[in-house]
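Source: prediction; values computed, not measured. We're numbering straight along the sequence, starting at 1.
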Amino acid sequence: MKKIKYLSIAVCSVILSVPAVAQNLGGVVIKASEFKPIDMLKLSQFNNSYTTARVSAMGGAFTALGGDIASMGINPAGLGMYRSSEFSFTPALQVSSSKSDFGDQNYSRFAMNNVGAVFNLYQGPGALVSFSLGFSYNKQADFNERGYMQLPSGSSSIADVLALQLNGLNPFIAGQGWLGLKKSAIGSKNNPFDNPNIAINEWGAVLGYQSALLEPVVNSDANSVYSVISVDQNAFVNPDLSYKTRGSIGEYAISGGFNIANVLYLGMTIGFQDIYMDQNLWYEEYYGNQPTGEQYLNHMSYYQGTRMGGSAVNFKFGAIVRPVSGLRIGLAVHTPSFVNLDRQYYGDMYTLFQDGFENNPQTIKNEYTYHFNTPARLLAGISYTFSDFAALSFDYERVWYNKMKLRDESYSVENLYAEMFGNDFRPSNNFRAGVEVKPMPFFALRAGYAHYSSPLRDDDAVFDGPVTTKMQNISAGVGFRFGNMSLDMTYVYSHSLLSEYDAFYYSGETCWAEFDTNGQPVLNPDGTVATVLGNTGDTPITTASPIKNAKLNRHIAMLTLGFRF
């Protein structure tokens, strides 16, 4: 059985007073409300496809080559190569195509990849040959994509999982109004979610109760077990899942580069990141083979939206050595980005019954601020230029994803996240290569390749959402120079493999209510519900089929217009 990561744990002994067993539940729909380690991973995966056309065409392999505005975000020592000032900007068109076994969809948009200026402020005859100061904006990551999946039909409904989440929450105690074990007024229409005793990943279950997906089997002062009476046990469940994500990470850089004796080049960048991600998730179920009756569903939908926005600061230090003419060796260190992130979550559910009755309860908006560190990076590169005719460049990059850190939380929470980072993530090793040939002084042909390895220790693990495992970029471009003006055009094909993930799942042992032949719950002498302990073994008892073979392809066309002065 494949591993399932980031599981929620509940204990039947707390819920129903039977021996302790574990309930494992999750999936992208269930866990959309939570800020997870995979969210931190998504906000930490960068590549050099979103930059100037020349650098993108050569695979982003510019740790040693330098001499481009994009050097500020790769190796700021490359600014030391400048002998004049420059201004450039790079608009781009991106077409994203998401694919899986269950469906695919395309999405296109225009964006600004890079804009900046380098000012050559000093040139002299001494050991310090020149100094250049640069300012730029560079897109680091792009989150714009959408997809639709028609999931396989089956007997499992998400309502089964939501019912398990509510077990033990009693919505009504006689004479005390809408109260329960956790003092959770889940039957109230007035802020039933505004209760610190209800975890945010239980909000969907409360919506299920309010939209009449779920009904309590028995009400007592001790416990309550929930049943899904709106979906018959013999019904066919036809689910689908769609999503839309917008946003990006952009970095505003201030850089300085020194040229020392035309042999050693040193540089430093201070980067200020602007982070924005807006995610929308729609899960729907339609039903076949339902009996006729007003209590049975025709359709349900569950919408969840999250919006994350924040800022970060980081530092980059670099050096390039030119021991002999044509040969350049580069080294750069990127500190972690120190992120402050505001996250908002909202959800609503809609149910339509056979008699036309509708429900549409909504959650309150949850807001929380997170503080974390992205991975540190080490870049090494080597390049060789053959006079003004050709250049070859190679890069190696190591990224320590297992060393990400959640900050400003309790000691136990920070340690828990650190343990998950160490167990589930690993350092990745990335390689980039590029070539440039100038058959004529004013015309250049370029090509590049980049391979980004998986940050996961186990690529076969099933996660609570898609995670990029491996990515390959293939690029090609041309460049023209007319006096002090340059025009570069590039196409990048980016192919990403995503991890397997579930829409929802439940596995492990569980406690079932016991019913008599009339369909009524059997009560113990003390008035509590009699229960039967079931063991699901290695097969989840209620789950949607895992989403496999998910891929994300991006086609990026960009143009850089530059002016030297």
Side-chain angles (χ1 to χ4, degrees), residues 25 27-33 100-103 105 146-167 169 171 186-189 192-193 202-217 224-244 280-305 346-363 502-506 513 515 519 540-547:
L25 53 91
V28 65
V29 180
I30 297 294
K31 291 296 188 73
S33 57
S100 74
D101 286 348
F102 304 136
Q105 196 162 8
R146 62 186 178 188
Y148 171 81
M149 287 166 282
Q150 182 68 55
L151 301 174
S153 301
S155 60
S156 298
S157 168
I158 194 172
D160 299 321
V161 175
L162 301 181
L164 291 166
Q165 285 188 292
L166 280 188
N167 279 349
L169 290 177
I186 63 173
S188 169
K189 299 298 182 182
F193 313 95
E202 294 175 320
W203 283 14
V206 176
L207 283 175
Y209 179 83
Q210 291 199 324
S211 61
L213 275 179
L214 316 172
E215 290 291 338
V217 173
S224 185
V225 179
Y226 288 78
S227 175
V228 182
I229 64 171
S230 56
V231 181
D232 187 76
Q233 62 181 357
N234 295 317
F236 294 112
V237 181
N238 302 301
D240 60 57
L241 178 67
S242 58
Y243 62 89
K244 182 178 180 180
N280 298 275
L281 186 72
W282 295 268
Y283 175 80
E284 298 184 274
E285 289 183 353
Y286 298 86
Y287 308 96
N289 199 38
Q290 282 266 62
T292 301
E294 63 180 14
Q295 77 269 33
Y296 292 111
L297 276 173
N298 274 339
H299 169 235
M300 71 82 64
S301 64
Y302 183 18
Y303 164 77
Q304 297 176 87
Y346 171 82
D348 66 46
M349 190 172 289
Y350 171 80
T351 53
L352 174 63
F353 287 81
Q354 290 187 10
D355 62 354
F357 186 73
E358 297 176 291
N359 290 288
N360 187 207
Q362 301 174 349
T363 70
D502 274 309
F504 63 86
Y505 60 79
Y506 176 90
F515 296 88
I541 60 169
T542 175
T543 181
S545 297
I547 298 167

Any chance the side chains of Tyr350 and Asn359 put a donor and an acceptor closer than 3.5 Å? no
Distance, nearest 0.5 Å, that separates CG of Leu162 from OH of Tyr209: 14.5 Å
Might you point out which heavy atoms bring Gln304 and Val29 nearest each other, and give the distance in Å? NE2-O, 2.8 Å
With rounding to the nearest 0.5 Å, note down the distance linking CG in Asn280 to NZ in Lys244. 7.5 Å
Look at the side chain of Glu285 and the backbone N and O of Ile158, then say whether any donor-acceptor pair between them is shorter than 3.5 Å. yes
Tightest non-hydrogen contact, residues Gly288 and Asn238, listed as N-ND2, 4.2 Å
Looking only at heavy atoms, what is the nearest atom pair of Ser157 and Val231, with distance? OG-CG2, 4.4 Å
Kindly indicate, with the supporting measurements, whether the criterion side chain to side chain contact (heavy atoms under 4.5 Å, CB included) is fulfilled by Ile547 and Met149. CA-CA 9 Å; Ile547 298 167; Met149 287 166 282; 3.6 Å; yes
If you measure from OH on Tyr505 to CD1 on Ile30, what distance do you get to the nearest 0.5 Å? 9.5 Å
Closest approach of Ala163 to Val228 (non-hydrogen atoms, all atoms of both residues): CB-CG2, 4.1 Å
Might you point out which heavy atoms bring Pro291 and Gln354 nearest each other, and give the distance in Å? O-NE2, 3.0 Å
Show your working on side chain to side chain contact (heavy atoms under 4.5 Å, CB included) between Leu281 and Leu241 and close with a plain yes or no. CA-CA 7 Å; Leu281 186 72; Leu241 178 67; 3.6 Å; yes
Ser230 and Leu213: which non-hydrogen atoms are nearest, and at how many Å? OG-O, 3.1 Å
Indicate yes or no for a side-chain donor-acceptor contact from Thr363 to the backbone of Tyr346 under 3.5 Å, with no hydrogens or angles considered. no
Let me check something: any side-chain donor-acceptor pairs from residues 292-300 under 3.5 Å, sequence neighbours excluded? List them with distances.
{"unit_1": "His299", "atom_1": "NE2", "unit_2": "Glu284", "atom_2": "OE2", "d": "3.0"}

To the closest 0.5 Å, what do you measure between OH (Tyr303) and CH2 (Trp282)? 6.0 Å
Do Trp203 and Ser33 come within less than 4.5 Å of each other through their side chains, counting heavy atoms only? no
Could you state the interatomic distance from CD (Gln210) to OG1 (Thr351), rounded to the nearest 0.5 Å? 11.0 Å
Inter-residue atom distance Glu215.CD - Ile229.CD1, 0.5 Å rounding: 4.5 Å
